[in-house]
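Atoms within a ligand are numbered from 1 in the order they appear, just like the ligands themselves.
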Amino acid sequence: MEKFLIKGPTPKGVLGSINCSGAKNAALPLMASSILFEGTTVLKNIPLVNDVKTMIILLQALGSKIELFKKKKIIKITNIKKHKTLVPYKLISTMRSGVLLMGSLLGKYNKCTSAMSGGCSLGIRAINFHIEGFKKLDCRYSLNKGYINLEAKNGLKGNRYKFPKVTVTGTSNLLMASVLAKGTTILENISIEPEVIDLIKFLKNGGAKISFLGKRIIKIDGVKKLNGCTHEIIGDRIEAFSYLCAGAITRGKIRVKKVRPKHLNTELKVLKKIGCNLTIGKSSIYLNAKKKLKPIKIKTGVWPLFATDNMPILMSVLTKVIGKSEIIETIFSNRFMASPELERMGATIKLKDNKATIIGTENLMGAECIASDLRTTFSIILGAMAADKSSKISRIYHGKRGYSNLVQNLRSIGVNIRSIS
Ligand code: EPU
């Protein structure tokens, strides 16, 4: 199985620039929502990552016609016939975002039978709020042999639903289920992550009637149909932060391009606070980490707070910042999976409940490590590029789910990385 071999430390720090891909977590719901549209939808800036490939397979299995233009990073999705409304286990078990097909199939065909998506190393990832929301739209729910059955015999009807807790895919699912429903739906306490806003923009482009009544309250007036349209996916803010942190941990200089800096407001403030120099452009961010860095205390949260996906990435940087840093994780119960791997390299990270205390050191030493999820993979890569001697990282397929051209990009900024078997 493929592994990464990284020889650190990266001399003089990383140097160069990276073009960010389209955001994976925007692309997946946008692709799932294509089921709701008539004719052809075109998505530009599609990220060529494995999760997108899996979503292509899922959509094709349900009946969508897909054309992928890799060089141009464009995907065309055409609905020529009725989709199947059964999402089988073998297709959904590898990717949690398959859960997003429930909202689009239900929204279009008033029914969907879907295998429950597999467990996840980040901890409990319930979908009870998705189901509660669907039920509010006059949909019946039952569970049979691991399959969720959803059906609105008389069609979905608009209603009011307040999410007990902010959920990203829960919001996307309810949006997709309500755009073609009869009447008006009001969703409260929704996620306003940039990726959800991108989905709203796409649905509105196709003719959906969606308006904000408050910061986290949205009104959806059901329409008869959505017309195929063209949409450019936003840049990946998590990928952007990941590469900025490659600059920070190696005390290098890096520019990330094709991303909206405002999507990273909180994260950029954190990078400034630890001592990085930043120059913000319209769609680019330049980081210079030549000064001594300082420890920090941060807490993750829903947008616009510090993103949980960026937490393991920052944690890696903090292992090399002298002093005591603290991270409190508020979204997932098991998001410190990078910590034992970084400890193999000599980092000191004390975990207690949802808090990590990091005592920074000058010296990390390369080690053999195992990646256990997508962001953990990048976190370990960061540790390895800042450590003395070589590191071997296995199960890197996790990283390929969400980072495109990972090896090429890292090599282009001076990291001594290669893929081995
Ligand atoms: N939750 C419930 N019930 C629900 C839904 C969520 O209790 O019905 C809880 C979850 O257990 C969790 C919290 O609410 O504790 C937040 O979960 P959320 O539903 O927001 O997460 P998600 O939609 O499953 C998306 C991203 C994740 C990202 C989180 C948080 C996609 C495809 N995934 O997951 O991205 O970490 O939001 O921002 O958009 C990644 O890209 O590596 C990744 C894991």
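- Contact record, P9 with A386: CB-O, 4.0 Å, taken as the closest heavy-atom pair.
- Remark: the backbone N or O of P304 is paired with a side-chain donor or acceptor of T266 at under 3.5 angstrom.
- The contact set between ligand 1 and T308, taken as ligand atoms under 4.0 Å from a residue heavy atom, comprises 30 (C), 36 (O), 38 (O).
- Ligand 1 has no atom lying under 4.0 Å from any heavy atom of H398.
- Checked against a 3.5 angstrom limit, the closest N/O atoms of T167 and ligand 1 fall inside it.
- Of the polar atoms of L374, none of the N or O atoms is found under 3.5 Å from an N or O of ligand 1, judged by distance alone.
- When each of I413, I285, V259 is tested with Y243 by the rule side-chain contact (heavy atoms from CB on, under 4.5 Å), just one qualifies, namely I413.
- Between the side chain of T377 and the backbone N or O of H398, no donor-acceptor pair lies under 3.5 Å.
- Distances below 4.0 Å separate heavy atoms of V168 from the following atoms of ligand 1: 18 (P), 19 (O), 20 (O), 23 (O), 25 (C), 37 (O), 38 (O).
- Side chains of R401 and V49 form no contact here, defined as non-hydrogen atoms less than 4.5 Å apart.
- Not a single heavy atom of E195 lies less than 4.0 angstrom from ligand 1.
- Between N25 and ligand 1, at least one pair of N/O atoms sits closer than 3.5 Å.
- Remark: side-chain polar atoms of D236 are not paired, donor with acceptor, to backbone N or O of C20 under 3.5 angstrom.
- For the pair F332 and ligand 1, the shortest N or O to N or O distance does not fall below 3.5 Å.
- Formation of a donor-acceptor pair under 3.5 Å by the E341 side chain with backbone atoms of R344 is not found in this model.
- Residue-level proximity to ligand 1 for N128 is carried by backbone and side chain together, each with a heavy atom below 4.0 angstrom.
- Contacts between T169 and ligand 1, counted as non-hydrogen atom pairs separated by less than 4.0 Å, involve both the backbone and the side chain.
- With hydrogens and angles ignored, the 3.5 Å screen pairs no side-chain donor or acceptor of S104 with any backbone N or O of I35.
- Under a 4.0 Å criterion applied to the non-hydrogen atoms of K24, ligand 1 contributes the atoms 40 (C), 41 (O).
- Between R335 and ligand 1, at least one pair of N/O atoms sits closer than 3.5 Å.
- Neither the backbone nor the side chain of M311 comes within 4.0 Å of ligand 1, counting heavy atoms alone.
- Distances below 4.0 Å separate heavy atoms of I127 from the following atoms of ligand 1: 4 (C), 8 (O).
- Looking only at distances, no side-chain donor or acceptor of N205 sits under 3.5 Å from a matching main-chain atom of C229.
- Between K209 and D221 there is no salt bridge, since none of the side-chain N atoms of the basic residue sits less than 4.0 Å from a carboxylate O of the acidic one.
- The backbone and the side chain of I331 each have at least one atom closer than 4.0 Å to an atom of ligand 1 (non-hydrogen atoms only).
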